[in-house]
Amino acid sequence: MLVFSKARLVLLSVPKTGSTAYETALAPHAAIAVSAPPELKHAPVFRYNRFFRPMIERFFDGPFDIVAVMREPRDWLGSWYRYRQRPELAGHANSTQGLSFDDFVSAYCTGEPPVYARVGSQAKFLEPQRNGAQVTHLFRYEDQPGLRSFLAARLGVAVDPAPLNRSPALPLSLSPRIETRLRRKYAEDFTLWSGIGAGGAYTPQPARAKPVPDAQT
């Protein structure tokens, strides 16, 4: 996550959307660069709202715009699957070696995914908060020219990140049955991605109310 005080902009780091490349290129221009631990580097909107926003708005005098990147959901899962195929993960619980992409996505769609398929949801990461905190500019991962143009205009610097952390190339064949299941279970992700337009414009998902606790008897 990067905070640009002069541009009044926060760049959230959605996993598997090329965020490390942008953070490496733009960190020298940021007032705050959060690169570790992963729970803070990849802080979702709810965590940003709870821990970072109050500090930033207090010390930098007012609200900031928030920009983030979202990847097409199936392609996003493909990146996770390929990334966890790395030889150095052999024997680890989060390795996907020996699994097909169908196996991985099927496990992801279960109620309690195994460790290797426990990668969360982009829609949940980007979910608006009830106090109004939300991403103000959302770009598709596939729209790199649009994202770079936006950042260059806001920051006043050239934006040309070098590719980093690329996953190995692998075929990503998904059966129609599993794809239907994925689209049904993670419909919010597909709806959110489909609602992204040019220049970071998008249709936010409604903020979810906290569940009402059961009455005590």
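Minimum heavy-atom separation, Glu127 to Gln129: O-NE2, 3.0 Å. Summarising the geometry of Glu23 relative to Ser13, their closest heavy-atom pair is OE2-CB, 3.0 Å, with the distance given to 0.1 Å. For Ser106 against Arg181, the heavy-atom pair with the smallest separation is OG-NH1, 3.2 Å. The two residues Leu12 and Ala43 have their closest heavy-atom pair at CD2-O, 3.9 Å. Summarising the geometry of Ala117 relative to Phe104, their closest heavy-atom pair is CA-CE1, 3.7 Å, with the distance given to 0.1 Å. Between Ala123 and Asp189, the shortest heavy-atom contact is N-OD2, 3.0 Å.
Proximity of Phe4 to Val10: side-chain heavy atoms (C-beta onward) are nowhere separated by under 4.5 Å. With contacts defined as side-chain heavy-atom distances shorter than 4.5 Å, the pair Leu172/Arg82 qualifies. Annotation: side chain of His42 is in contact with side chain of Pro15 (closest heavy-atom distance under 4.5 Å). Here the side chains of Asp75 and Glu142 are in contact, with some heavy-atom distance below 4.5 Å. Residues Val115 and Asn94 form a side-chain contact, since some pair of their non-hydrogen atoms from C-beta on lies under 4.5 Å apart. Residues Phe52 and Met1 meet the side-chain proximity criterion, which asks for heavy atoms closer than 4.5 Å.
Under 3.5 Å, the side chains of Lys41 and Thr20 contain a donor-acceptor pair of N or O atoms. In the model, Asp103 has a side-chain atom that pairs as donor or acceptor with a side-chain atom of Ser100 under 3.5 Å.
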Let me check something: any side-chain donor-acceptor pairs from residues 146-163 under 3.5 Å, sequence neighbours excluded? List them with distances.
{"residue": "Arg148", "atom": "NE", "partner": "Tyr22", "partner atom": "OH", "Å": "3.3"}
{"residue": "Arg148", "atom": "NH1", "partner": "Asp160", "partner atom": "OD1", "Å": "3.3"}
{"residue": "Arg154", "atom": "NH1", "partner": "Asp65", "partner atom": "OD2", "Å": "3.0"}
{"residue": "Arg154", "atom": "NH2", "partner": "Ala7", "partner atom": "O", "Å": "2.7"}
{"residue": "Arg154", "atom": "NH2", "partner": "Arg8", "partner atom": "O", "Å": "3.3"}
{"residue": "Arg154", "atom": "NH2", "partner": "Asp65", "partner atom": "OD2", "Å": "3.4"}

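Cluster annotation: Trp193 and Val45 are assigned to the same hydrophobic cluster (Ile/Leu/Val/Met/Phe/Trp/Tyr, side-chain heavy-atom contacts under 4.5 Å, transitive). Residue Phe51 is grouped with residue Phe60 when hydrophobic side chains (ILVMFWY) are merged at heavy-atom distances under 4.5 angstrom, including chains of intermediate members. Grouping the Ile, Leu, Val, Met, Phe, Trp and Tyr side chains by contacts below 4.5 angstrom, directly or via other members, places Ile32 apart from Val67. Under the 4.5 Å side-chain heavy-atom criterion for grouping Ile, Leu, Val, Met, Phe, Trp and Tyr, Val3 is connected to Val34 within one hydrophobic cluster. Linking ILVMFWY residues whenever their side-chain heavy atoms come closer than 4.5 Å, directly or via other members, places Leu40 and Val135 in the same cluster.
Environment of CZ in Arg50: sparse, with no more than 12 heavy atoms of neighbouring residues, nucleotides or ligands closer than 6.0 Å. Counting heavy atoms of neighbouring residues, nucleotides and ligands inside a 6.0 Å radius, atom CG of Asn131 exceeds 12 of them. Counting heavy atoms of neighbouring residues, nucleotides and ligands inside a 6.0 Å radius, atom CD of Glu112 does not exceed 12 of them.
Residue Ile178 holds its CD1 atom at 7.0 Å from SG of Cys109, rounded to the nearest 0.5 Å. Note: Leu182 CG to Ser175 OG = 10.5 Å, rounded to the nearest 0.5 Å. Residue Ser5 holds its OG atom at 14.0 Å from CZ of Phe59, rounded to the nearest 0.5 Å. The OG1 atom of Thr203 sits 8.5 Å away from the CG atom of Leu192 when rounded to the nearest 0.5 Å. Taken from CD1 in Ile66 to CG in Leu9, the straight-line distance is 9.0 Å, to the nearest 0.5 Å.
You'll find the ring centres of Tyr116 and Tyr81 outside the 6.0 Å limit.
A donor-acceptor distance shorter than 3.5 angstrom exists from the side chain of Gln122 to the backbone of Arg71, with no hydrogens or angles considered. Side-chain N or O atoms of Thr17 include one that pairs as donor or acceptor with a backbone N or O of Val14 at under 3.5 Å. Here the side chain of Ser194 pairs a donor or acceptor atom with the backbone of Phe190 at under 3.5 angstrom. Between the side chain of Arg47 and the backbone N or O of Glu39 there is at least one donor-acceptor pair closer than 3.5 Å. The backbone N or O of Met55 lies less than 3.5 Å from no partner atom in the side chain of Glu57, so there is not a single donor-acceptor pair. For Ser121 (side chain) and Lys124 (main-chain N/O), a donor-acceptor pair under 3.5 Å exists by modelled atom type. In this structure a side-chain-to-backbone donor-acceptor pair under 3.5 Å is present from Thr110 to Ala107.
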Practice problem: Given side chain to side chain contact (heavy atoms under 4.5 Å, CB included), test Leu126 with Leu138 step by step and report yes or no. | Solution: CA-CA 9 Å; Leu126 299 166; Leu138 183 60; 3.9 Å; yes
Exercise. Please report the C-alpha distance between Val69 and Asp143 in whole Å, then the side-chain angles of each, then the deciding distance to 0.1 Å, and finally whether the side chain to side chain contact (heavy atoms under 4.5 Å, CB included) criterion is met.
Key: CA-CA 9 Å; Val69 177; Asp143 183 20; over 6 Å; no
Quiz item: For Met70 and Ile196, what are the C-alpha separation, side-chain angles and deciding distance, and is it a side chain to side chain contact (heavy atoms under 4.5 Å, CB included)?
Solution: CA-CA 9 Å; Met70 183 178 186; Ile196 300 174; 4.0 Å; yes
Quiz item: Between Leu174 and Asp102, does a side chain to side chain contact (heavy atoms under 4.5 Å, CB included) hold up when you go through it step by step?
Solution: CA-CA 5 Å; Leu174 194 62; Asp102 253 15; 3.0 Å; yes
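The hydrophobic cluster of Phe46 has no other members, since no ILVMFWY side-chain heavy atom comes under 4.5 Å of it.
For Tyr202, there are no ring-ring contact (aromatic ring centres under 6.0 Å, His included) partners two or more places apart in sequence or in a different chain.
Checking Trp80, Phe101, Tyr186 one by one against Tyr108, the ring-ring contact (aromatic ring centres under 6.0 Å, His included) holds for a single residue, Tyr186.
The residues Arg86 and Glu88 are annotated as salt-bridged, a charged nitrogen and a carboxylate oxygen being separated by less than 4.0 angstrom. Salt-bridge annotation for Arg74 and Glu179: present, with a side-chain N of the basic residue lying under 4.0 Å from a carboxylate O of the acidic one.
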